Protein chains: 2
Amino acid sequence: MVTKTAQKPAAPRRDRARTERTILDAVARLILRDGLSGVGINALAREAGIDKVLIYRYFGDLDGVYRAYAEHGDFWWSVDDIIGTEKAASLAGALKSGFRRHAAEMRKRPVTLAVIGAETANRTPLVIALEEVRERRALELMDAVFARYGAPAHVDLPALTAILGAAIDYLAARARQIRVYGGVEIKTDKDWERLFTTVDAMIDGAFSTAGKPAQRKRKP
Amino acid sequence: MVTKTAQKPAAPRRDRARTERTILDAVARLILRDGLSGVGINALAREAGIDKVLIYRYFGDLDGVYRAYAEHGDFWWSVDDIIGTEKAASLAGALKSGFRRHAAEMRKRPVTLAVIGAETANRTPLVIALEEVRERRALELMDAVFARYGAPAHVDLPALTAILGAAIDYLAARARQIRVYGGVEIKTDKDWERLFTTVDAMIDGAFSTAGKPAQRKRKP
DNA sequence: GGTTTTTGTCACCATGTGGTGACATATAGG
DNA sequence: CCTATATGTCACCACATGGTGACAAAAACC
C-alpha cells in the first residue's frame with residue numbers, strides 16, 4: 001500500500017513514494033513503447049532512471065509492480081461508466097450506447113489496449129486483472145440489464161455481448177498497429193462510427209428477427 | 001527453396017533437406033509450447049537438436065525461418081475452403097456457413113491461433129503473412145459475394161465481416177488459454193455452436209432490418 | 001547529541017542471448 | 001582416386017538478463 005504523504009517537503013532527494021511513482025510511470029511508458037514483454041527489471045530501472053534494487057525492495061517482484069500499477073485508477077474504468085445512469089428507451093438502445101461507451105473508454109487508454117493486445121502472450125498480473133474486470137463487468141452488465149429491461153425474448157444476450165465485445169476489444173487493440181482490418185479502416189472516430197452503425201444494425205436485427213423463424217432450420 | 005529429393009537413401013546422416021524439416025518442425029513445437037516470443041536462435045537450435053549455425057546457414061535469419069514456415073501448407077488455408085463451391089440459397093446463408101467454416105479451419109490449427117494471439121506483440125514475418133492472407137481473403141470474399149449475389153441492399157458487408165471475423169479470430173485465439181469470455185464458454189464445439197446461433201441471428205437481423213428504419217435517427 | 005532505520009549506489013554473479021570464426025569429415029564432382 | 005564443396009561440431013565473443021550482497025549517506029527516532 002502506497003503511503004501518500006500529504007505534505008510536500010520542497011524537493012526531498014530521498015522519498016520512497018516519489019520513486020515509486022517514478023517507477024510506475026516508467027512502466028506505462030515502457031509498455032507503450034516496447035509492449036508488455038519489453039518490461040523487465042533492467043529495462044524498467046533504466047527507463048525510470050533508478051537502481052533496479054529499489055524495484056525489488058519496494059515491489060518485491062515484477063509482478064508486484066504490475067499489481068501496483070493495476071490499482072492505478074486510469075488503467076481501467078468502472079462499470080457505471082459503461083452502463084450509464086439514464087434508462088434507455090429499449091434494451092437494444094441501452095446495448096448500443098453501452099458498446100459505444102465501452103469502445104470510447106478503451107480507445108482512450110493506450111496502455112490498456114497494449115495489455116489487451118499482449119494478453120495471449122504474457123500472462124502477467126496486469127493481464128489477469130483485465131480479465132477479471134472483464135468477467136465482472138459482464139456479470140454486472142447482465143444483472144443490471146435484466147433488472148431494468150427484463151430478460152430479452154429470444155436473444156442470447158451473453159453470447160451477443162461476448163461476440164461484439166470481443167470484436168471491439170480486438171479491433172481497438174489492433175488499431176494501434178494496423179490501419180485496416182479485413183478491408184475496413186479502424187483508425188479514426190469516423191471509422192469507428194461506421195463500425196458502430198453496423199453493430200447497431202446487428203443488435204436491432206438480432207432482437208427483431210429473434211421471434212420469427214427466418215430460417216426453418218432447427219435440428220436436422 | 002527446399003530441394004525435395006524424391007529418393008530416400010536409407011538414413012543419410014548429412015541431409016540438408018532433412019535438417020531443414022527438423023528445424024521447421026521444432027519451430028511449430030516451440031510456438032505451441034512457449035509462444036511466438038519463445039522462438040529464438042538458441043532455443044530453436046536446442047529444441048531441434050541441431051547446431052544453431054545451421055539455422056543461419058540454411059535460413060540466414062530467424063525471419064528466414066519464419067518465411068519458410070509460412071510457406072508450409074498447413075499454416076493457413078485457401079480462400080476456396082471458406083467460400084465453398086456450392087451456391088447458398090441467399091447471401092446471408094453463404095455468410096453464415098462461411099463464418100462457421102472459417103472458425104473450424106482456425107480452431108484446427110493451434111500454431112496459427114498462437115500466432116494470431118501474438119500478432120500484437122511480435123511483428124514477425126509469420127504475423128505479417130497472416131495479416132496479408134486475411135486482407136487478401138477479405139477482398140476475394142467481397143468480390144466473390146458480389147459476383148454471386150449482387151451487392152446487398154443496405155448492409156455494410158465489409159464492416160459486418162470485419163466485426164464478426166475479428167470476434168471469431170480473437171475468441172478462437174483466446175480459447176487456447178481461457179475457458180470463458182464475458183461469461184460465455186468458448187472451449188468445446190457445443191460452446192461454439194451456441195455462439196454461431198447468435199451470429200446467425202445477427203446476420204439475419206442485419207439483412208432483414210436494414211431496409212426498415214427501426215430507429216428514426218439519422219443525423220442529429 | 002547519538003543511534004537505528006531507510007533510501008540510494010555500486011559491484012558482482014550465473015545464465016541466456018544473438019552472432020561469428022575455425023575446424024573436421026562426409027558427400028559429390030572430376 | 002583425388003579434390004572441392006557441403007554438412008555438421010565446437011569454441012568463443014560481447015552483451016543483456018534476473019538476482020544478491022555490501023556499503024555510504026540521509027532521515028527518523030530516542
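A note on names: the letters A, B, ... follow the listed sequences, proteins ahead of strands, and every chain is numbered from 1. Keep in mind that what you see is a predicted model, and the values were worked out from it rather than measured.
In summary, B:Asp61 and B:Arg67 do not engage in a salt bridge, as defined by a charged side-chain N under 4.0 Å from a carboxylate O. Ion pairing between a basic and an acidic side chain is recognised when a charged N comes within 4.0 Å of a carboxylate O; B:Glu132 and B:Arg136 show no such pairing. In this structure, B:Asp200 pairs ionically with B:Arg100, as a charged nitrogen and a carboxylate oxygen lie closer than 4.0 Å. Classification of A:Glu119 and B:Arg174 as a salt-bridged pair holds, one side-chain N sitting under 4.0 Å from a carboxylate O.
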Show each protein N/O and nucleotides 10-17 of chain C N/O combination with a separation under 3.5 Å, one pair to a line.
from   : atom 1 : to      : atom 2 : distance (Å)
C:dT17 : OP2    : B:Arg46 : NH2    : 2.5

I'd like a table of atom pairs between the protein and nucleotides 4-7 of chain C - only N or O on both sides, under 3.5 Å - with the distance next to each one.
from  : atom 1 : to      : atom 2 : distance (Å)
C:dT7 : O2     : A:Arg14 : NH1    : 2.4
C:dT7 : O2     : A:Arg14 : NH2    : 3.1

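Defined by atom type and a distance below 3.5 Å, a donor-acceptor pair is present between the side-chain atoms of B:Asp191 and B:Thr188.
What separates CZ of B:Arg18 from P of C:dA26 is a distance of 17 Å, to the nearest Å. Residue B:Ile23 contributes atom CD1, which lies 12 Å from atom P of D:dT7 at whole-angstrom precision. Between the OH atom of B:Tyr56 and the P atom of C:dG21 there is a distance of 12 Å, rounded to whole Å. Remark: P of D:dA16 and CD of A:Glu47 are 16 Å apart, rounded to the nearest angstrom.
A centroid separation of 6.0 Å or more is found between the aromatic rings of A:Phe99 and A:Phe196.
Contact record, B:Ala114 with B:Arg176: CB-NH1, 3.4 Å, taken as the closest heavy-atom pair.
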Apply salt bridge (Lys or Arg N to Asp or Glu O under 4.0 Å) to the pair A:Arg137 and A:Glu140, showing each step before the final yes or no. CA-CA 5 Å; A:Arg137 190 211 314 140; A:Glu140 293 186 34; over 6 Å; no
